[in-house]
Every structure is written in C-alpha cells, then in structure tokens.
Number of protein chains: 2
Amino acid sequence: MAEDRRIRKTRRALRDALVGLVLERGFTALSVEDITQRADVARATFYSHFRDKDELFARVTRDLLDELDERLRPAVTESAVGFTGKPVLEMLRHARQERDLYRIVLRGEGDGKPLRMFTEACARVAAEEFRGRSERNDVKPRIDADLLARVWVGEQVSVLQWWVEHEAPPMPAEEVVRMLLDLALRGRYWATGFDRPA
Amino acid sequence: MAEDRRIRKTRRALRDALVGLVLERGFTALSVEDITQRADVARATFYSHFRDKDELFARVTRDLLDELDERLRPAVTESAVGFTGKPVLEMLRHARQERDLYRIVLRGEGDGKPLRMFTEACARVAAEEFRGRSERNDVKPRIDADLLARVWVGEQVSVLQWWVEHEAPPMPAEEVVRMLLDLALRGRYWATGFDRPA
DNA sequence: TGCGTTACCGAACAATGTGTCTGGAAACAT
DNA sequence: ATGTTTCCAGACACATTGTTCGGTAACGCA
C-alpha cells in the first residue's frame, strides 16, 4: 500500500529531470514547468509531491546522503585503528556512481544549501572518527577535533570537486586517496619536496 | 565626470541592502523590489544599474575580490621565501572587516557562483605562490601545484566558513593561522598527537 | 477477473515578480 | 545659471507560482 508504481515513477522522473537540468542551466534558472516538462509529468502532479523546487532538491540530496552514510558506516568502523582512507575511497566510488548529482551539489547549486548538508554530514563522520581514535589510543590531540574535521572535510570536498568535474577521471580513486592521505599525514613539506626545517 | 554622488549613493545603498537581505532570507528568496525597498531606491533605478539580482551580486563580489587582491599582494611577495601564513592572516583580517559579505559568499548564496569566484581567485594566488617558491628553491614538488593549491584553498575556505559564522570569533586570527599552518606543514600525525609510524 | 482506491492529467485561477519604457522632477558638475 | 544626468513613479506585457477542479487511467488487492 505504501508502494505505488506510479509514485516511484514520477518521483524518479522528477529527480532525473532536476539533476540533468541543473547540470545544464543551473538551479535558479529553472522553472517548475521546465522540470515537469522534461520529466513528462503534469505540473499539478509536481505540487502534489513537493512544495517547490527547493524541497525536491533537498529531498534528492537527503536521499543521496542516506545512501552515502550507509556505504560509509562499515568503512568507518574498519578504519578505526589508523588512518586508512577507507571512508574517502568509498566516497569517491559513490561520487563516480552518482557523478551528476555530486557535481551539482558540490557546485553549490541551490544557494549552497545541499552543499552545506553534504559537508556537515561528512564533518560529523570525520569528527566521530577522530574522537573515536583518540579515545581508543588515549592520546590528546593538539588541535580541536571540530576544527580538524572541518579542515579535513574542506580538503576532501575540494578534491572531490576537482575530480568530479573532469570528463574523464584524471586519476583513479585509489591514487587520489593515497595522495590526499600523504598530504594530510606527512604535511606540505613532504608534498612540495622541501626538507622540513627544525 | 565619472564621479556622480548620486550614483555612488544608490550603488552603495543597493549593495548594503543586498548583503543584509541575503544574510536574513537567502539570495533566491529575494525579489528586486525587496532590495530596492530596503535601499530606498526606485525599482526602475535598479535596472538602470544592473541587469538583475545576479549581476548586482557578481559586481559586489568582484569588488570584494579586487580589494582582497590588493591587500594580498604585498603579503604574498613577503612570504615568498618560506611558509609564513601572511596571506592567510591578511585574508582573515579582511574577512573580519567585511564579515557579512564573506558570510553570504562562503555560504554559496547565488548558486555558488560568487563562492567559485572567490575560491578561484584564492587558488590563483596560492598556485602562483607555490610555483614561485619551487622555482626559487629549485625543488620539484611531489604533487601537482594546481591540485595542491586547490587543497590548500579548500582548507582555508572551510576554516573561514567556520570562523566567520560564529557570532563571537572563536579564536583570534593569529591563532587560526598558526593552527592551519601547523596542520598543513607538520601533518596530521602531529596534530592528533600520534607518533608517525615508519 | 473485477472493484474500490489513488495518482495522474489538463485546464483554469489569482497573485506575484520580471524587465522595459515613459515623462517629469530633482540633483549634479562646471 | 545652465545644460546634463540621474532618479522617480507609474504603467505595461509577460512569465512563473501555487492552488483547485472534475475527469481519466493505473494501481493494489481480493
């Protein structure tokens, strides 16, 4: 009773139409009619599912984050011991799979609201990961965990944007992770080839 | 001839109205009339200055970036030798001064377009800085300079967002820079208190 | 298979916002 | 003081929004 094929079909069509059109023209430039037209759905039907464009976008983003969270959970617990980069790798795979949606979210379409949802979700995961590691190993970090999480997520988002905006993947996901990890763990002196001063 | 008091006044009023209103309600939710009303300017006058909301926002952002660029120039040449963090510090000061505008830009208002302008401007500066240092010191980086710049800017933006969204500054600018620098240069093992494995 | 339910359609609606264009009043630089 | 430029107030056609309606078609289930 909770599952009507018609509902799934319309929602899916609207979702796909949104993603495609935002990618082409940008979120603000779209009218509800543009979306329903591409989705081949009556405009009135749109409003029986969503209050407006923003709610549709928010819903699509929310679904994506739920999916990501589910994929991240095992990776996070698995990497609880050291810095394995497993969660990042899993995220990259997810991004490759849902590339178009990742692109529009990471671009900040929708006044950056979906992007904020994304970064905050990631920051939560990262902060939790850090805190867990600290407790288990009984070391106290020299830097506030929330700030550290923000920095880490900032790096990830930045690289994700770069990775996902290339038509052909500029390098395999595994390599991106390795680089990101090297950079984060060993620091910039290593990355730039400098020797670290005393 | 290029200076008419009336023009400056209306432009300034529209600018301030935009920033204030975006901060309160978000960019998309605003109508041109909302803006002109708060600015106490006729709607027709708005269109004699800007094509639409977006052009106004883009112009405001552009001005901000020009200002930032001017402030950054001496800091960049000064820090050409090592990683001093001078440019970041200068940016934080600028952000404190233009806090509201920084907030809405960093939030990704306007479908993230102003934010993209901002990050790209910063990335240009950073990449130039890196390249200059590599040449001067004749070392070849282990990681592509552009990608490295992206990551570095990603961290900055992320921290900036965090810093600028707190009502009271959570920590002085100098301390933020020190942390960011420590983190970037010494790496995460240092930051979290772990010893680095072999 | 048939039946009751539910989602979809297409059209209409008022309300709001957009972008452009007037003529006249006011402020400007010189 | 004067000629120029900007601002204002109002009107305009047009697009978009969000809601409502009765009729039609697809649905889940017995």
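All values derive from a computational prediction rather than experimental measurement. Just so we're on the same page: letters track the sequence lines, and every chain starts at 1. Heavy-atom basis, side chains included; hydrogens, waters and symmetry copies ignored.
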In whole angstroms, the gap separating P of C:dC9 from CD of A:Glu33 amounts to 13 Å

Rounded to whole Å, the CD1-P distance (A:Ile7 to C:dT6) equals 10 Å

Worksheet item: Ion pair present between B:Glu128 and B:Arg131, side-chain N to carboxylate O less than 4.0 angstrom?
Response: no

A:Glu3 atom CD is separated from D:dA26 atom C1', nearest whole Å, by 16 Å

When rounded to whole Å, the CZ to C1' distance for the pair B:Arg8 and C:dC28 reads 11 Å

When rounded to whole Å, the CG to C1' distance for the pair A:Asp4 and D:dC27 reads 5 Å

Of the candidates D:dG28, D:dC7, C:dC8, the side chain of B:Thr10 sits closest to D:dC7

Residues B:Asp34 and B:Leu21: closest non-hydrogen pair is O-CD1, 3.5 Å

Original post:
According to the interplanar angle, ranging from 0 to 90°, do the rings of B:Tyr102 and B:Phe118 count as parallel (below 30°), tilted (30 to 60°) or perpendicular (above 60°)?
Top reply: perpendicular

Practice problem: Identify whether any heavy atom of B:Arg6 sits under 4.0 Å from a base atom; if not, whether one sits that close to sugar-phosphate; answer base, sugar-phosphate or nothing. | Solution: base

Would you call the rings of B:His166 and B:Trp162 parallel, tilted or perpendicular if under 30° counts as parallel and over 60° as perpendicular? perpendicular

Between NZ of B:Lys9 and C1' of C:dA26 the distance, given in whole Å, is 11 Å

Query - Lys/Arg N to Asp/Glu carboxylate O, B:Arg142 vs A:Asp182, below 4.0 Å - result: no

Listing for DNA chain D: consecutive Watson-Crick or G-U pair runs of at least 3, distance cutoff 3.5 Å, ranges ordered by first number, gives C:1-12 with D:19-30, C:14-18 with D:13-17, C:20-30 with D:1-11

Carboxylate-amine/guanidinium proximity below 4.0 Å for B:Glu165 and A:Arg116
no

Whole-Å distance, B:Ile35 CD1 to C:dG19 P, equals 11 Å

Contact check, residues 37-54 of chain A vs DNA chain D, heavy-atom distance under 4.0 Å, returns A:Arg43, A:Ala44, A:Tyr47, A:Asp52

Please determine whether a side-chain nitrogen of the Lys or Arg among A:Asp146 and A:Arg150 lies less than 4.0 Å from a carboxylate oxygen of the Asp or Glu.
no

For A:Thr36 and A:Arg43 the tightest heavy-atom approach is CG2-CA, 3.9 Å

When every non-hydrogen atom of A:Val105 is compared with those of A:Leu115, the smallest separation belongs to O-CB, 3.4 Å

